[in-house]
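Read through the structure below, which is laid out as structure tokens, and then see the notes.
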Amino acid sequence: MDISLILKMAADAEPHRVGLTCDGRHWTYAALWAAATGAAVEITASGCSHVALLDTGSEAAPIALIGAALATMPYCPLNYRLADADLAALLTRIEPAFIIGDVDRVKKLAPNSGHTVFSRYDFVTLAEKAAVPDREAGEGESIAVQLFTSGTTAAPKAAILRHSNLVSYIFGTVEFGAAEPAEAALVSVPPYHIAGIAALLSSIYALRRIILLPAFDPQTWIDLCAREKATNAFVVPTMLSRIVEMLDAASNKPDLTHLRAIAYGGGRMPIELITRALELFPDTNFTNAYGLTETSSTVALLGPDEHRAAYGSEDPEIRARLASVGKPLPSIELEIRDEDGKVLPPGEAGEIYVRGDQVSGEYRDRSALIHGGWFPTRDAGFLDEDGYLFLSGRADDVIVRGGENISPGEIEDVLLTHPSIADAAAVGVPSTEWGEAVAVVISLKGEHPGDAEIKTLIRDRLRSSRVPERILVVETLPYNEMGKLLRLEVRRLLQTAG
Amino acid sequence: MKPGIKLKSAVCDTEVLVIKAGGAGVVSCGGAPLVEARTGGKGAVDPAFADGTKMGKRYTDAAGTLELLCIKPGTGSLALDGVALHLKDAKPLPSSD
């Protein structure tokens with residue numbers, strides 16, 4: 001059984017209900033299903049090997065997602081924010097692909113390639129014309145979605161999610177048709193993120209209308225939320241930070257009381273921010289979701305009652321749970337293990353391992369699952385006595401800034417090109433706005449170049465998101481006897497320096 | 001029978017997806033065993049098994065070893081060895097997407 005069943009059931013049960021609103025146009029479940037069946041016809045006829053989306057969120061995303069399933073081809077949404085060279089490399093890896101979106105960019109980056117490229121408008125028009133809505137849902141058991149991870153030091157990994165993973169996730173976490181007719185979920189996460197895909201499938205299966213916001217901006221989010229009377233929303237912490245800031249500054253606060261539930265995930269949520277959000281939205285249910293691409297989205301969650309209980313508690317242990325990601329889903333097994341693979345008791349930090357039908361742990365070239373089907377997440381954390389999961393960073397030190405994974409290595413490499421810098425370490429430090437921000441600690445072999453010059457160097461060579469918010473100069477960086485940089489010590493240096 | 005396969009009623013429009021396959025025993029809908037593909041015309045629904053199936057609902061036996069998800073509703077009702085399956089209680093999780 002494949003993921004097309006999810007939309008087929010919605011279209012069979014409530015064909016005339018609006019399932020998607022985007023740019024002022026409404027799509028019923030029947031219309032989405034019809035377009036997906038037509039997309040499948042065009043995709044199959046193209047003879048390609050992948051379906052790619054190089055576009056912001058729109059109706060083309062669910063139509064291509066389900067159309068690809070019906071055509072038994074992997075759906076591979078691409079990050080349109082990538083630099084040209086990085087995107088060109090990914091385009092080569094999925095050739096020949098049926099690509100929807102930025103036609104000019106594909107032509108520029110992959111001239112003379114075997115790709116078949118359509119603009120969003122042309123794709124949707126073609127799909128509607130070729131519709132065969134009477135067809136059944138697909139029976140494919142192969143790859144549903146291929147997502148390129150952000151990539152750290154090496155080339156991005158092609159994580160794959162099989163139909164069985166995604167279907168298990170949806171059936172395990174969502175009750176069919178659970179939403180009341182007036183419910184609508186505001187979706188502002190990009191389509192190439194696992195949260196963007198999970199949002200589409202979960203909302204369709206719940207029969208909850210999706211309101212798509214193609215490009216996030218706090219004012220647009222607030223306006224759209226108010227205009228469409230959104231009842232649910234999913235945001236990453238950085239988005240919530242900007243929304244809260246905007247609302248705090250607004251002299252004429254918009255009425256958002258219809259917003260019954262806000263779910264968030266995708267990065268560290270600063271406790272100051274969630275506390276302020278709970279004050280600003282006193283009647284809204286907050287849910288913190290923790291998950292990874294490789295686990296088909298959520299594996300643990302902190303529910304609304306737990307948020308309010310922690311928020312209102314005097315007990316420091318219960319109050320601390322506001323900073324946890326809650327408990328593992330009933331359909332998931334979760335363990336904390338040490339470096340030797342030994343399962344650790346509550347309170348002890350180690351690497352998070354998960355197991356379950358929704359967990360793929362699989363990449364295009366290899367499976368990362370170990371003995372017994374467990375997936376080592378590379379995330380570090382611990383469970384408290386009552387089973388609440390607390391994250392303590394990436395096991396491999398990646399800095400997660402506003403949902404974007406940043407490898408310390410790339411920043412350090414650039415710093416070391418400066419003639420005055422002897423040694424450098426980049427680490428993530430807590431940031432209210434970004435979850436984590438970049439901080440660097442350097443030692444010198446000449447005159448201090450000055451913070452401005454260092455920042456300019458990073459901005460010019462990398463991207464603005466890599467520019468350090470803090471720069472600390474030390475005599476020497478801390479290493480262990482094996483010559484391995486002690487990043488924990490580096491963080492302590494920053495803490496001590498204030 | 002194994003998880004993930006689709007089965008149809010021989011006597012009504014019901015279609016189910018197997019979530020948990022359970023043990024031995026005959027699973028029926030409307031009084032007739034479920035089939036992978038319908039052949040010829042539909043028979044009649046046994047009035048003793050005519051409560052109907054509901055779209056998107058899960059049906060399970062008393063032991064909880066068999067679980068079927070209705071992906072197309074019909075007029076027949078589901079049973080294991082002649083004992084009616086019951087609706088599984090939904091324990092809804094807060095929406096996390």
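Throughout, protein chains are lettered first and strands after them, A, B, ... in sequence-line order, and every chain is numbered starting at 1. A quick note: this is a predicted structure, and the numbers were derived from the prediction, not measured.
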Between chain A and chain B, identify all donor-acceptor pairs below 3.5 angstrom, including backbone and side-chain atoms.
residue: A/E139; atom: OE2; partner: B/K6; partner atom: NZ; Å: 3.4
residue: A/Y169; atom: OH; partner: B/D97; partner atom: OD1; Å: 3.2
residue: A/Y169; atom: OH; partner: B/D97; partner atom: OD2; Å: 2.9
residue: A/F171; atom: O; partner: B/R58; partner atom: NH2; Å: 2.2
residue: A/S202; atom: OG; partner: B/D97; partner atom: OD2; Å: 2.6
residue: A/S297; atom: OG; partner: B/D97; partner atom: OD1; Å: 3.2
residue: A/T298; atom: OG1; partner: B/S96; partner atom: OG; Å: 3.0

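- Of the two parts of B/L17, only the side chain, counted from C-beta on, holds a non-hydrogen atom closer than 4.5 Å to a non-hydrogen atom of chain A.
- Of the two parts of A/L329, only the side chain, counted from C-beta on, holds a non-hydrogen atom closer than 4.5 Å to a non-hydrogen atom of chain B.
- What you find for A/G138 and A/L70 is that their closest heavy atoms are N-CD2, 3.7 Å.
- Using a 4.5 Å cut-off between heavy atoms, A/A198 touches chain B through backbone and side chain atoms alike.
- For a residue to count as touching a neighbouring chain, one of its non-hydrogen atoms must lie under 4.5 Å from one of that chain's; by this rule A/A261 does not touch chain B.
- Rounding to the nearest 0.5 Å places CG of B/L68 at 7.0 Å from CG of B/L34.
- Heavy atoms closer than 4.5 Å to chain A are found in the side chain of B/L69, but not in its backbone.
- Atom CG of A/L201 and atom CD1 of A/I210 lie 8.5 Å apart (nearest 0.5 Å).
- Each salt bridge (Lys or Arg N to Asp or Glu O under 4.0 Å) pair with one or both residues in residues 293-302 of chain A, not counting sequence neighbours, would appear here, but there are none.
- A/V187 pairs in a side-chain contact (heavy atoms from CB on, under 4.5 Å) with only one of the listed residues (A/L20, A/I211, A/L212, A/L213), which is A/L212.
- Residue A/L5 holds its CG atom at 5.0 Å from CD1 of B/I71, rounded to the nearest 0.5 Å.
- Take A/V145 and apply the side chain to side chain contact (heavy atoms under 4.5 Å, CB included) test, not counting sequence neighbours, and it matches A/L65, A/Y75, A/L147, A/L161, A/L166, A/I197.
- Here CG of A/L302 is found 7.0 Å from OH of A/Y388. Values are rounded to the nearest 0.5 Å.
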